[in-house]
Chemist: 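Structure incoming, see below.
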Amino acid sequence: MQLQVLILHFKRFLFGQEAAKLDWHVTHDSYTLNLLGVTYDLVGVLNHIGANITSGHYNFDAVCPTTRRAWRCSDDIDPWLLSEDQLCHDFETAYIHVWQKRPLPEEQANVEEQGLRATSDEQQRRGGLQANNERGDGTPIGNGTG
């Protein structure tokens with residue numbers, strides 16, 4: 001199954017004699033979107049922090065569709081956990097919403113099986129690398145010169 005994502009871009013700037021930042025809010029009652037019989041869960045929100053289009057900073061809120069926890073990601077500080085109020089504000093004033101298609105029940109079993117298989121494959125790969133890189137006593141093999 002391929003990941004299916006819906007990206008909604010909201011017009012937040014008005015260009016004319018002067019460029020202006022538009023300040024309106026997207027209303028919502030949940031972080032789930034039903035569109036033409038397909039359900040999407042919110043997984044990301046892009047926001048602009050600043051008074052106008054010539055200054056400010058962009059932040060991205062990464063949202064876990066399972067736990068609904070959200071983290072603010074920015075290039076100037078480490079990610080931090082957002083409160084529900086912060087996520088709500090960011091959602092309502094966002095420039096971009098990123099939505100992930102929720103798997104259908106028959107697809108979910110396949111997704112979970114692939115996830116378990118990927119985890120097992122990754123554990124085996126790491127175990128193989130560890131076996132190739134260590135003598136078993138934690139001492140690296142080789143002298144580090146290439």
Side-chain angles (χ1 to χ4, degrees), residues 1-15 18-35 38-104 107-146:
M1 180 181 118
Q2 294 180 343
L3 180 66
Q4 296 182 15
V5 176
L6 173 67
I7 298 175
L8 299 178
H9 179 251
F10 301 100
K11 183 178 179 182
R12 292 287 182 184
F13 295 119
L14 180 63
F15 295 97
E18 284 187 36
K21 185 173 176 180
L22 300 174
D23 186 29
W24 50 270
H25 291 224
V26 175
T27 59
H28 66 97
D29 55 3
S30 75
Y31 298 117
T32 301
L33 177 67
N34 291 302
L35 185 64
V38 178
T39 302
Y40 295 88
D41 295 304
L42 183 72
V43 293
V45 176
L46 179 74
N47 267 21
H48 177 263
I49 311 294
N52 57 54
I53 67 169
T54 60
S55 66
H57 192 75
Y58 286 93
N59 293 309
F60 187 79
D61 299 346
V63 182
C64 174
T66 305
T67 65
R68 304 300 331 140
R69 288 186 177 162
W71 287 265
R72 166 82 44 82
C73 303
S74 178
D75 60 354
D76 57 352
I77 55 176
D78 291 336
W80 76 88
L81 189 63
L82 292 176
S83 71
E84 179 66 27
D85 289 341
Q86 289 170 315
L87 177 60
C88 181
H89 175 268
D90 289 355
F91 179 92
E92 292 176 350
T93 60
Y95 282 74
I96 294 177
H97 286 171
V98 181
W99 302 86
Q100 178 181 327
K101 180 184 174 213
R102 185 181 292 174
L104 298 171
E107 296 172 328
Q108 185 63 36
N110 189 30
V111 168
E112 290 170 1
E113 179 183 320
Q114 288 177 2
L116 292 174
R117 188 178 316 126
T119 301
S120 176
D121 292 347
E122 178 66 16
Q123 288 170 344
Q124 289 176 7
R125 186 185 70 77
R126 286 185 182 174
L129 289 174
Q130 184 175 1
N132 290 333
N133 291 332
E134 296 180 1
R135 293 192 174 120
D137 63 357
T139 306
I141 296 173
N143 61 9
T145 62

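We count residues from 1, following the sequence as given.
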Chemist: Quick one: side-chain contact (heavy atoms from CB on, under 4.5 Å) partners of Arg68, sequence neighbours excluded?
Modeler: Tyr31, Asp41, Leu42, Val63, Pro65
Chemist: Hey, mind stepping through Val26 and His97 against side chain to side chain contact (heavy atoms under 4.5 Å, CB included) and telling me if it holds?
Modeler: CA-CA 11 Å; Val26 175; His97 286 171; 4.3 Å; yes
Chemist: For a side chain to side chain contact (heavy atoms under 4.5 Å, CB included) with Trp99, tell me which candidate from Val5, Leu8, Leu35 qualifies.
Modeler: Leu8
Chemist: Roughly how far, to the nearest 0.5 Å, is CG of Asn59 from SG of Cys73?
Modeler: 9.0 Å
Chemist: How far does CG of Leu6 sit from CG of Leu33, to the nearest 0.5 angstrom?
Modeler: 6.5 Å
Chemist: Nearest heavy-atom pair of His57 and Ser74: which atoms, and what distance?
Modeler: NE2-OG, 3.0 Å
Chemist: With heavy-atom distances below 4.5 Å as the criterion, would you say the side chains of Arg102 and Thr32 are in contact?
Modeler: yes
Chemist: Give me the atom names and distance for the closest heavy-atom approach of Phe60 to Val98.
Modeler: CE1-CG2, 4.2 Å
Chemist: At what distance, to the nearest 0.5 angstrom, does CH2 of Trp71 lie from CG of Asp78?
Modeler: 14.5 Å
Chemist: Donor-acceptor pairs under 3.5 Å, side chain of residues 85-92 to any protein atom, not counting sequence neighbours: which ones?
Modeler:
from: Gln86; atom 1: OE1; to: Ser83; atom 2: N; distance (Å): 2.8
from: Gln86; atom 1: OE1; to: Ser83; atom 2: OG; distance (Å): 3.4
from: Asp90; atom 1: OD1; to: Asn47; atom 2: ND2; distance (Å): 3.3
from: Asp90; atom 1: OD1; to: Arg72; atom 2: NH2; distance (Å): 3.3
from: Asp90; atom 1: OD2; to: Arg72; atom 2: NH2; distance (Å): 2.3

